[in-house]
Structures are given as structure tokens and as C-alpha cells.
Amino acid sequence: MKITYLRSTIASLLLGTSLNLAFTGFANAQAISFEELIANPGNVSMELQFARQQERTQNYLSALSAYERVLLNYAENDEARLRYAELLTRLDDPQAARREIEILEKRELTADQSRRFIAIGGTPVSSDGGGGFFGEVSAGVRYDNNIGAALIEFPFEVDEDDFAGTLSATAGYATPVSDSLSVHLGVHGNTVRHEEISVLDYGTWGGFAGFGLQTGDTGKLSFDLVYNNTNINNNRYQRQIGGRIKGIADVSDTVQWVVNAAYFDQDFEDIAFQLPFFGTVTVAGDEGLRSGGYLNLATGPRIKLGESAELGILVGFDDKSADATRPDFAYDGWYIGADFNSMVGEKSYIKAEALYRDLSYDDGIREDQRLYGRAALGVSLDSVISLEGIDLFLETGVAYLQRKSDPSPPPISTGFPDYENLSLDSRIVAKF
Amino acid sequence: MKTFKTTVLIGSAILALCLPSLAQAQNSKIGVNSAIKGDVTVQSGEMAAAQAIVSEPIFLGDNVNSAKSSTLQILLMDETTFTVGPSCELTIDKFVYNPNSNSNSMSAKVKNGAFRFMSGNVSRSQNSSVEIDSPIASMGVRGTIVEGAIGAEAVRLTRMAGALPAGVTPDENASLFILRGPGPNRATGARQGAIDVTSGGTTVSVTEPGYATFVGAAGVQPTPPFPIPDKVHEELSDVLRTTAKRNKSGGEDPEIDLPDPLLELDKPIYDFEGPFGPVNPFECIPGLTC
């Protein structure tokens with residue numbers, strides 16, 4: 001337990017240091033000189049950063065011309081156009097501002113952009129005061145080459161590869177309520193149904209509600225209450241109730257710094273499984289002892305790479321508690337994750353994510369190292385099916401998972417075997 | 001005699017100092033091509049006209065010519081921006097800029113087509129002089145954004161605005177000058193813009209954004225300021241500024257679909273381990289991808 005406290009203390013210190021560095025970094029964001037700018041024509045990131053810099057130093061016409069240069073080459077850059085319209089409004093060129101506003105009224109803006117858009121007299125595309133529905137539904141299939149090995153090794157063979165059907169959906173609504181405040185709420189659910197190994201079937205559903213707060217020109221905070229419910233093999237297994245705080249600060253025009261903190265109260269329940277040869281087996285007693293708190297702290301940058309790509313990196317710390325009699329159900333540990341999204345042309349995208357976790361269980365015996373990565377290519381189906389307000393994609397991905405437990409359990413045991421799995425998946429994704 | 005020698009020496013010294021500057025003046029880099037669409041050529045000195053290339057320098061006296069549906073934005077060393085629209089001919093024939101001086105100046109000639117000008121640091125200096133001339137009129141610019149059109153385009157746009165003056169037959173050099181901003185109701189510390197257009201011995205000042213004056217032919221006085229209708233502004237903007245692309249259904253093409261960090265909160269945290277090991281082996285990144 002002392003180790004847990006020590007790690008938590010170190011986590012807090014590092015988090016504080018990261019925050020400090022982030023805001024120091026923001027304060028010292030390197031200025032771009034005009035000489036650098038003209039030596040790099042066509043560099044959109046530099047132009048945008050230069051424009052913001054000129055706005056801050058009240059060199060408004062210079063900022064305006066930088067936005068014009070960006071828009072001349074990237075007419076679909078809504079953020080540049082919104083800032084351009086804001087500046088035209090402030091410079092009292094209402095006719096020119098109105099033209100940009102009319103263009104933006106046909107564009108889908110983020111909640112933050114909608115809020116700013118309303119402030120200059122625009123009506124966001126949803127024409128309901130800046131609010132808008134958002135969501136994503138996906139359905140597909142997945143092949144795992146070794147999913148059965150995720151289970152405890154039974155003293156008999158089970159099929160280890162399997163096909164599964166996947167379905168997930170998220171839908172929500174966000175709307176600004178003032179210049180600096182917006183509210184949002186939504187629901188989500190997903191399920192995986194295996195062809196053979198039904199023990200691994202699971203589904204989750206839940207909801208979230210919260211608000212976002214604009215803090216100055218460069219920061220955002222959001223607070224959410226979250227409820228999640230998880231079923232395994234058609235049994236209710238876990239329930240989470242908790243809250244999250246997320247802070248985002250603009251370090252520069254291309255870098256944001258993200259800080260997350262979440263705490264959930266978790267309740268676990270006994271569940272029954274259909275096992276090969278054994279029929280229905282009820283796992284009694286122990287599962288409830290997994291109940292306890294779950295703390296997650298994480299921080300890292302999100303970096304725009306050019307006009308069409310973004311990279312996120314997050315370093316985090318997890319601490320899960322459990323009943324004191326079962327320290328092997330409680331753990332803490334670090335993780336580092338990254339995700340990358342990029343458009344390929346106007347109709348396709350690639351995305352990739354990777355996560356490495358190093359968990360230390362409170363029984364002082366078990367250590368887990370877990371590695372997961374997935375890369376996917378999404379291709380628009382607009383040319384095949386065209387639906388008003390919905391973007392359809394066919395996404396195909398490959399994923400790899402490795403789990404190593406130390407000490408490794410003996411070949412036949414009730415411990416956790418080392419495990420790796422390669423999977424291929426394909427899904428139809430509808431975004432609205 | 002001594003006085004004469006001293007005068008000659010000083011005069012020679014001044015001449016020696018000035019001659020290289022004057023010689024250099026014709027070859028001075030005054031800016032760069034910062035954005036190009038379509039076919040735009042730049043003819044420099046004795047050299048043949050060549051296709052404009054982004055980041056290539058613009059020198060004093062260069063002749064810029066744009067084809068139909070083409071646009072070039074020039075960024076001058078004082079942060080002035082000059083945008084030439086389709087079928088435009090432009091020459092910047094004077095550019096004196098010293099960041100530490102109060103007497104900077106610039107002048108340019110537009111012979112044809114549409115243009116847009118955004119003042120830079122030259123116009124900020126106390127005794128600055130910024131002038132844009134058409135073949136028949138001269139426009140003094142005071143810290144502002146201005147648009148204009150010369151030739152047939154000027155006549156067409158002025159007719160659209162219902163402001164063609166009676167009794168004047170516009171010729172091929174007809175000139176339209178439009179003031180944009182900053183306006184009197186600006187919410188910034190930027191200097192209010194104004195233009196003074198001179199022709200036929202008369203100067204007309206335009207001080208209201210969105211207003212213009214028109215000179216129909218050589219020797220004719222500029223019209224009193226008149227408002228530019230949205231339709232005219234729209235047409236000029238389409239060639240001088242930017243229009244988001246239209247897709248086949250008439251809407252705008254979607255922008256890059258990057259995730260909104262605030263909306264990533266919808267995803268559940270998967271962090272449970274069942275009695276048979278982690279039942280959701282496809283972990284996501286708490287707080288990042290889930």
C-alpha cells in the first residue's frame with residue numbers, strides 16, 4: 001500500500017510538473033518573425049501561428065492578410081475562416097464579414113467554433129442556437145487468431161481463434177448556453193459477439209452528461225458525469241459511476257496540451273458462464289470483491305501535423321482498488337499511449353493507436369506488461385451510398401495485443417497466462 | 001577655393017554613396033510571391049516573363065500579369081499584401097521602407113483587372129505615402145484595405161452597383177476604387193482607413209467601408225462615394241479572396257474530420273478483469289482513445 005501511495009505522490013508531482021511545463025511553454029511559445037514567414041511561404045501552420053501572434057500584438061491587417069493567404073490555398077479551413085470573419089467584424093468591415101459568415105453557415109463547426117460564430121452574428125449549421133447532434137455507429141466483423149488464449153489455460157484444448165461480430169454506437173447533443181459555457185450529453189453502447197467462445201461476449205452501455213467551459217482565449221475545461229454498465233456473457237458484471245475533468249490549453253496554433261483526471265466507483269457482480277464440458281458455472285463470492293475505486297490521471301500533447309493530420313500522446317497513471325482481502329484484484333501502474341489520425345485525400349483516412357501499460361498488483365507478486373496497437377484505413381462510401389448528413393466509411397484494421405505476466409504462471413494453473421493475439425477487422429462506420 | 005573643394009568633396013562623397021543605392025534600387029527584392037492560383041507571369045528587368053512561383057522574389061519594377069481565373073498574392077517586405085486577380089497587370093514602381101524611418105513610401109500601377117491591397121508598415125510611418133495609380137486616376141491610401149478594378153471589369157461592377165455616372169462614356173481605363181476597412185466602428189486600435197482618389201483635378205475621399213468611387217475616363221472627376229452592393233462585393237471576393245469549394249450536391253466539402261477533444265468524453269473506460277482474465281483484451285487508452 002505504501003508503494004501505491006508513493007506512486008500516487010509521484011504521479012501527482014509529475015502531473016503538476018507537466019501542467020507547469022505546458023503553461024510555461026504556452027507563455028514562451030516561440031514567436032515567428034516576418035523573415036521566417038516569407039522564407040517559408042505556403043507553410044499553413046506557420047501562417048496561422050503568425051496570424052495569432054499578430055492579433056495579439058494588435059497588428060490586425062497583418063493578421064488579416066495571413067488568414068487570407070491560408071484561405072487562398074485552403075478554402076475549407078474553417079478555423080482560419082472563422083478567425084478571419086472575427087477579425088473583419090472587429091475591423092468594422094461588416095460586408096466582408098457577412099460574406100465569410102454566410103460561407104461558415106454552411107459548414108459544420110465544433111461546439112467551440114459555434115459559440116464564437118454566434119458571437120459574431122452567425123447561425124451555425126444546425127440553426128438551433130449553436131447546438132448540434134453528433135454521433136457514430138459502426139458494425140462489422142473481426143477475426144482473432146488467438147483469442148481463446150486470453151482465458152485461463154484449462155486442462156483441455158479450446159478453439160483459440162474465432163470470428164466475432166461487432167456493433168457500437170454513440171450519440172449525443174452539445175449546445176452552447178453562453179459565450180463561454182456549453183453543455184452536452186449522450187449515450188453509448190457496444191457489443192462483441194463471438195462465433196465460438198461466447199465466454200468472451202460482452203457489451204457495454206452507458207451515458208454521460210456535462211459541460212464545457214472556455215477559459216480565456218486558449219483554454220477549455222470540461223466536466224462530465226459518466227455511467228457505464230458492462231455485461232459479460234449476458235450477465236451484468238460491472239457498473240461504473242464517476243466523473244471526469246478534462247483540460248485543454250492551446251500551447252501554440254498547432255499544439256494543445258491535454259490533462260485528464262477521472263474517478264469511478266466500480267461495483268462488480270457474480271456472473272455465470274457456459275464452460276466447455278462443465279455447463280453453466282456460477283462464479284460466486286469473489287467477483288464482488290473486485291469492487292472499489294478507479295483513478296485515472298493522464299496528460300500529454302495533441303499536435304496538428306499540417307492541415308490534415310493529428311498526433312496525440314498521453315502519459316497516464318491508473319490506480320484500481322479492491323476489497324482488502326483480495327490485493328490481487330487491485331493494481332496501479334503507468335501507461336503511455338499515442339494515437340494518430342490523418343486524412344488521405346478528401347475521402348479516406350488512416351488512424352493508428354498504441355498503448356503500453358505496466359501494472360503492478362497489490363499482492364506484491366504479479367506484474368503485467370500489456371501492449372496493444374491498431375492501425376486502420378477508412379475509405380469513404382459516398383460514391384456508393386449517399387445519405388444526407390451522414391458520412392459512411394469502410395474501415396479495415398489490424399490489431400495486435402500482447403500481455404506478459406511476471407512471474408509467468410505454470411502451464412496448468414489458475415494464474416494468468418502470457419498471451420498474444422493478432423486480429424483483423426472490418427466495419428462500416430457512419431458518422432453524423 | 002577651399003570652400004569649393006570642400007563642396008566638391010562632399011558632393012562626390014554623397015554621389016558615391018547614392019549611386020550604388022540607385023543602381024541597386026532597380027534590382028531590390030521588395031517581396032515574395034506568397035500564394036498563387038492559375039497562370040501568373042512575372043517579367044523582371046530584361047528577362048523574359050516567367051511563371052510566378054511561390055516563394056520566388058518580387059523585385060522593384062517587375063511586371064506582373066495574370067491570366068483568366070488566376071490569382072497571385074504578393075507579400076512585400078513591410079507586410080503589405082497585394083493581391084492581383086484575373087487578367088491583371090501590376091507594377092510596383094516605388095518601395096522605400098526602413099523600419100526606423102518615418103518617411104516610407106510605396107507606389108504601384110495597375111493597368112487592368114482587379115486587385116486588393118492591404119496596408120503594411122509603410123503606411124504606418126508618420127510621413128508615409130502610399131499611392132496606387134490606374135492609367136487615369138491616382139489613389140492615395142491611408143492605412144487601409146482597398147480593392148479595385150480597372151478596365152471593363154470596373155465598368156461592369158459599377159454598372160451592377162447602379163453607379164455609372166450619366167454623361168460619361170467609360171473607356172478601357174475606367175477605374176473603380178473600393179474602401180474596405182478598418183471602419184469608424186472598429187473594435188480595435190487599428191487606424192481607420194481612407195482613400196483619396198484624384199482625377200481631372202478633383203480629389204474624392206472615401207472614408208466609409210464598403211463605399212467606392214469611380215472614374216470613367218481620363219480627365220473625368222471621380223464620382224461621389226457610393227455603396228457597393230453585396231453582389232458586387234461577392235464577385236470581387238470570389239476572384240480576390242477565397243470561396244470554399246462546392247461539392248456535387250452544392251454543399252461545402254467537409255473539412256478534415258479531426259476529433260474534437262471535448263466530444264471524446266463519450267467513450268467508456270474499459271478496465272475490468274473478469275475471472276477468466278481480461279475479458280476485453282482490446283484495450284483502449286483511458287482518457288485518450290476511450
Side-chain angles (χ1 to χ4, degrees), chain A residues 34 38 41-42 58 60-62 65 68-69 71-73 75-76 78 90-93 95-96 99 103 106-107 110-111 134 150-152 170 172 186 188 199-200 202 204 206 208 212 222 224 228 232 238 244 248 260 283 294 296 298 308 310 312 314 316 337 339 341 343 353 355 372 401 416, chain B residues 32 34-35 37 54-55 71 73 75 79 81 118-119 145 180-190 209-210 230 233-234 237 241-245 251-256 258-263 265-269 271-272 274-283 285-289:
Chain A
F34 182 67
I38 59 173
Q58 302 187 352
Y60 299 110
L61 297 191
S62 177
S65 85
E68 281 193 14
R69 281 192 293 282
L71 291 170
L72 206 59
N73 289 319
E76 281 73 39
D78 290 339
R90 294 171 68 194
L91 288 170
D92 188 29
D93 187 352
Q95 190 175 45
R99 173 186 181 267
I103 292 173
K106 296 167 190 158
R107 312 283 294 175
T110 64
F134 58 89
L151 303 171
I152 287 177
T170 301
H188 64 80
V199 195
L200 291 170
Y202 72 89
T204 65
F208 57 94
S222 68
D224 271 79
N228 293 318
I232 295 176
Q238 185 208 42
R244 299 186 192 195
I248 302 169
N260 290 321
V283 182
Y294 170 71
N296 167 244
S308 59
E310 187 179 60
L314 211 58
D339 70 326
N341 298 278
M343 293 298 290
E353 58 185 305
L355 171 68
Y372 171 69
L401 176 79
F416 290 85
Chain B
V32 294
S34 55
K37 271 192 170 181
V54 169
S55 86
T71 308
Q73 195 192 64
L75 188 56
E79 301 182 34
T81 306
M118 238 186 288
S119 295
I145 308 164
R180 298 277 18 137
N185 299 315
R186 65 203 178 280
T188 70
D230 286 350
H233 173 65
E234 191 73 28
S237 293
R241 293 200 262 184
T242 62
T243 309
K245 282 187 286 182
E252 311 293 340
D253 279 332
E255 215 211 87
I256 302 148
L258 294 177
D260 179 351
L262 283 179
L263 299 183
L265 295 163
D266 57 350
K267 297 179 182 171
I269 287 181
D271 194 82
F272 41 75
F276 296 94
V279 291
N280 173 26
F282 301 91
E283 298 183 68
I285 305 168
L288 183 62
T289 58

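In the text below, chain A, chain B and the rest are named by the order of the sequence lines, each starting its count at 1. Scope of the values below: all heavy atoms of this structure, side chains included, with no hydrogens, waters or symmetry mates.
For the set B:S55, B:A35, B:G183, the entry with the most heavy-atom pairs within less than 4.5 Å of chain A is B:G183.
At a threshold of 4.5 Å between non-hydrogen side-chain atoms, the residues A:S65 and B:I145 do not count as touching. The side-chain heavy atoms of B:P182 and A:D93, taken from C-beta on, include no pair separated by under 4.5 Å.
Between A:A96 and B:R180 the shortest heavy-atom distance is N-NH2, 3.9 Å.
The distance from the OG atom of B:S237 to the CD atom of A:Q95 is 8.0 Å, given to the nearest 0.5 Å. Atom-to-atom distance recorded for A:L61:CG and B:M118:CE is 7.0 Å, nearest 0.5 angstrom.
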Does A:R69 form a side-chain contact (heavy atoms from CB on, under 4.5 Å) with B:T81? I'd like the steps, not just the answer.
CA-CA 9 Å; A:R69 281 192 293 282; B:T81 306; 3.9 Å; yes

